[in-house]
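Let me begin by presenting the structure, written as structure tokens, before commenting on it.
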Amino acid sequence: MVKIGDIELPDFPLLLAPMEDVSDPPFRALCKEQGADVVYTEFISSEGLIRDAAKSTMKLDIYEKERPVGIQIFGANLDSMLKSVEIVEKSGPDIIDINFGCPVKKVVSKGAGAGILKDIDLMVSLTEAMVKHTKLPITVKTRLGWDHDSIKIVEVAERLQDVGCASIAIHGRTRAQMYKGEADWRPIAEVKNNPRMHIPVFGNGDVDSPEKAMLMRDEFGLDGAMIGRASIGYPWFFREVKHYFETGTHRAKPTMEERIEAARRHLQMSVDWKGERLGVFETRRHYANYFRGIPHFKEYRQRLVTTDDSAGVFQVLDEVYEKFGDYQFV
Ligand SMILES: Cc1cc2nc3c(=O)[nH]c(=O)nc-3n(C[C@H](O)[C@H](O)[C@H](O)COP(=O)(O)O)c2cc1C
């Protein structure tokens, strides 16, 4: 059994990665239904939170049905991070996760996200202070290092563990790599193989098939897989991995009916949560994947991503079902 603090998880849990503008409550709920064992919010700026920026505080909403859920925050200022912990606690998450991995310039230039990989002492002291400031488990998501020449992830992980970090998820790329090349899981396995490590070590990066998840478990010996892009518009990825682990065979792809049903519920939950305009707008990015592979779908895809009101999108989904209901996905 794998444990994050007191939270008991099945063997080799599957975690939905934090993803900006993707890992919102409706999407997390769908992933949870399809087998994600832990879900994370997208990253939330600690500076935004303490200024009560509406955009940041809305990201704190969580549904009961998605638990256990981690709220992820980022920042590099101790005071702001501690105040954010207090704000985040009020939403009642199960976990608070610190983003020490975001590679984008506007974040790293402030020393936050992956920027902190240049100052490991600060990374450790921030984590320690946050652990002491809350009873919730503090977890960390990070990258291998700033660049190839400065990978010290084994030492970093051990130090984070020693100050009370409850689990660590490691994306097998450096900041310098951004999203290029292939994720390298070998340094993550080194972290896991360190005999002093006892907290869960989760692997992340490029898990896009059940076979790869199995490789991460069996060849690299990691404690669980954090899954990002493979789940976008495809929450069924989690159950497909689990089915493969249990049976060694591939589960049938979701039917058209299931896809339509997921798209409808996704849209409805988004509209209920964010309101009509934003709900319609922000669900658009998922449709291409929900219906990937259907021939001659272009016209419908176009209408799904340009129709401005939810009633109109529901209508298009009905038409999709009428026209393609018998389509067999392989
Ligand atoms: C659209 C998008 C948004 C992301 N936003 C975040 C984020 O808010 N916090 C974070 O820690 N990582 C974020 N990431 C990185 C992912 O969590 C993950 O580390 C990365 O995509 C590699 O995993 P994958 O190959 O399974 O996608 C984001 C990635 C994508 C594609």
| request: Measure from the side-chain N and O atoms of Asp206 to the backbone N and O of Glu182, and report whether any donor-acceptor pair falls under 3.5 Å. | output: no

| said: Within 45 degrees of the ring normal and closer than 6.0 Å to the centroid, is that where the cationic atom of Arg259 sits relative to Trp236? | reply: yes

| task | Apply side-chain contact (heavy atoms from CB on, under 4.5 Å) to the pair Leu144 and Ile170, showing each step before the final yes or no. | result | CA-CA 7 Å; Leu144 298 180; Ile170 304 167; 3.8 Å; yes

| Hey, does Thr283 have a side-chain heavy atom less than 4.5 Å from the side chain of His266? | yes

| request: For residues Arg175 and Pro103, report the shortest heavy-atom separation together with the two atoms involved. | output: NH2-O, 2.7 Å

| query | Does Glu89 come within less than 4.0 Å of Lys135, counting only side-chain N to carboxylate O? | reply | no

| Between Pro68 and Leu9, is any pair of side-chain heavy atoms under 4.5 Å apart? | yes

| message | Less than 4.0 angstrom from a charged side-chain N to a carboxylate O is my criterion; do Asp308 and Arg284 meet it? | response | yes

| task | To the nearest 0.5 angstrom, please state how far the CG atom of Leu126 sits from the CG atom of Leu82. | result | 8.0 Å

| task | Take Lys83 and Asp79 through the test side-chain contact (heavy atoms from CB on, under 4.5 Å) and record every step on the way to the result. | result | CA-CA 6 Å; Lys83 282 192 188 126; Asp79 205 36; 3.1 Å; yes

| task | Would you check if Pro235 and Glu33 make a side-chain contact, meaning some heavy-atom pair closer than 4.5 Å? | result | no

| In terms of side-chain geometry, is the basic nitrogen of Glu66 or Arg28 positioned less than 4.0 Å from the acidic oxygen of its partner? | yes

| Check: Asp147 main-chain N/O paired with Ser150 side-chain donor or acceptor under 3.5 Å | yes

| query | Cluster question for you: counting only ILVMFWY and a side-chain heavy-atom cut-off of under 4.5 Å, with indirect links fine, are Phe100 and Ile95 together? | reply | no

| Any donor-acceptor pair under 3.5 Å from Thr247 side chain to Thr249 backbone | yes

| SB check Glu64 Arg67 (cutoff 4.0 Å) | yes

| Are side-chain N/O atoms of His148 and Gln177 paired as donor and acceptor at under 3.5 Å? | no

| Mind checking whether Tyr179 and Met226 sit in one hydrophobic cluster, side chains of I, L, V, M, F, W, Y counted as touching below 4.5 Å? | no

| remark: Residues Asp309 and Glu276: closest non-hydrogen pair is CA-OE2, 3.3 Å

| request: Compare every heavy atom of Gly203 with every heavy atom of Leu222, then report the nearest pair and how far apart it is. | output: CD1-CA, 3.6 Å

| message | Which heavy atom of Val2 sits nearest to which heavy atom of Pro13, and what is that distance? | response | CG2-CD, 3.7 Å

| said: Tell me the closest heavy-atom pair linking Asp61 and Pro25, and the distance in Å. | reply: O-CG, 3.5 Å

| field | Gln72-Thr41 side chain donor-acceptor pair, cut-off 3.5 Å | value | no

| Taking the six-membered ring for Trp, are Phe324 and Tyr300 parallel (under 30°), tilted (30 to 60°) or perpendicular (over 60°)? | perpendicular

| Common cluster, Val201/Ile4, ILVMFWY with side-chain heavy-atom separation under 4.5 Å | no

| message | Looking at Asp97 and Lys141, is any side-chain nitrogen of the basic one under 4.0 Å from a carboxylate oxygen of the acidic one? | response | no

| Between Glu258 and Arg239, is there a side-chain N and carboxylate O pair less than 4.0 Å apart? | yes

| query | Do Phe12 and Val38 share a hydrophobic cluster, counting only Ile, Leu, Val, Met, Phe, Trp and Tyr and linking them when any side-chain heavy atoms are less than 4.5 Å apart? | reply | no

| query | Ile7 and Ile98: same hydrophobic cluster, using ILVMFWY side-chain contacts below 4.5 Å? | reply | no

| field | Sub-4.5 Å side-chain heavy-atom contact between Lys65 and Lys32 | value | no

| Hey, does the side chain of Lys118 reach the backbone of Trp146 with a donor-acceptor pair shorter than 3.5 angstrom? | no

| request: Could you tell me whether the side chain of Glu158 and the main chain of Met197 form a donor-acceptor pair under 3.5 Å? | output: no

| task | Inspect the contact between Lys132 and Glu128 and indicate whether a charged nitrogen and a carboxylate oxygen are less than 4.0 angstrom apart. | result | yes

| message | Parallel, tilted or perpendicular: which one describes the rings of Tyr290 and Tyr287, with boundaries at 30° and 60°? | response | tilted

| Yes or no on side-chain contact (heavy atoms from CB on, under 4.5 Å) for Leu16 and Ile227, after CA distance, side-chain angles and deciding distance? | CA-CA 5 Å; Leu16 170 65; Ile227 291 156; 6.0 Å; no

| query | Do the side chain of Asn204 and the main chain of Ala169 share a donor and acceptor less than 3.5 angstrom apart? | reply | no

| Are Lys253 and Tyr234 close enough that some pair of their side-chain heavy atoms sits under 4.5 Å apart? | yes

| message | Using only atom types and a distance under 3.5 Å, with no angle test, would you say the side chain of Arg143 pairs donor to acceptor with the backbone of Met178? | response | yes

| query | Just wondering, more than 12 heavy atoms not from Arg285 lying within 6.0 Å of its CZ? | reply | yes

| query | Taking it one step at a time, do Thr127 and Val140 satisfy side-chain contact (heavy atoms from CB on, under 4.5 Å)? | reply | CA-CA 8 Å; Thr127 307; Val140 162; 4.2 Å; yes

| task | Taking the side chain as every heavy atom from C-beta outward, state whether Glu246 and His243 have any pair of such atoms under 4.5 Å apart. | result | no

| task | Report the distance from atom CD1 of Ile188 to atom CE of Met216, rounding to the nearest 0.5 Å. | result | 5.5 Å

| query | What is the distance from atom OG of Ser310 to atom CZ of Arg264, rounded to the nearest 0.5 Å? | reply | 10.0 Å

| Is the side chain of Trp185 donor-acceptor paired with the backbone N or O of Gly205 at a distance under 3.5 Å, no angle test? | yes

| Polar side-chain atom of Asp223 near backbone of Phe202 as donor-acceptor pair, under 3.5 Å | no

| Say you draw a straight line from CD1 of Ile73 to OG of Ser84; how long is it, rounded to the nearest 0.5 Å? | 5.0 Å

| Looking at Phe245, does the NZ or CZ of Arg217 lie under 6.0 angstrom from its six-membered ring centre and within 45 degrees of the ring axis? | yes

| His296, NE2: over 12 other non-hydrogen atoms inside 6.0 angstrom | no

| query | Is there side-chain contact between Pro254 and Phe329, with at least one heavy-atom pair below 4.5 Å? | reply | no

| request: State whether Asp37 and Lys242 are salt-bridged, where the test is any N-O pair (Lys NZ or Arg NE/NH1/NH2 against Asp/Glu carboxylate O) under 4.0 Å. | output: yes

| query | Do the ring planes of His286 and Phe27 sit parallel (below 30°), tilted (30 to 60°) or perpendicular (above 60°)? | reply | tilted

| request: Provide the closest heavy-atom pair for Tyr327 versus Gly293 in the form atom of the first, atom of the second, distance. | output: OH-O, 3.0 Å

| Test item: Phe237 and Leu14 side chains (from C-beta on) under 4.5 Å apart, heavy atoms | no

| side chain to side chain donor-acceptor pair (under 3.5 Å) partners of residues 12-26, not counting sequence neighbours, each pair once | Asp24-Lys274

| task | Calculate, to the nearest 0.5 Å, the distance between atoms CD and CG belonging to Glu299 and Leu304 respectively. | result | 10.0 Å

| task | State the CE-OG distance between Met19 and Ser231, to the nearest 0.5 angstrom. | result | 4.0 Å

| task | Sorted by first residue and then second, give each ring pair (Phe, Tyr, Trp, His ring centres under 6.0 Å) pair with at least one member in residues 36-61; sequence neighbours left out. | result | Phe43-Phe74

| Does the side chain of Glu190 pick up a donor-acceptor pair with the side chain of Asn194 at under 3.5 Å? | no

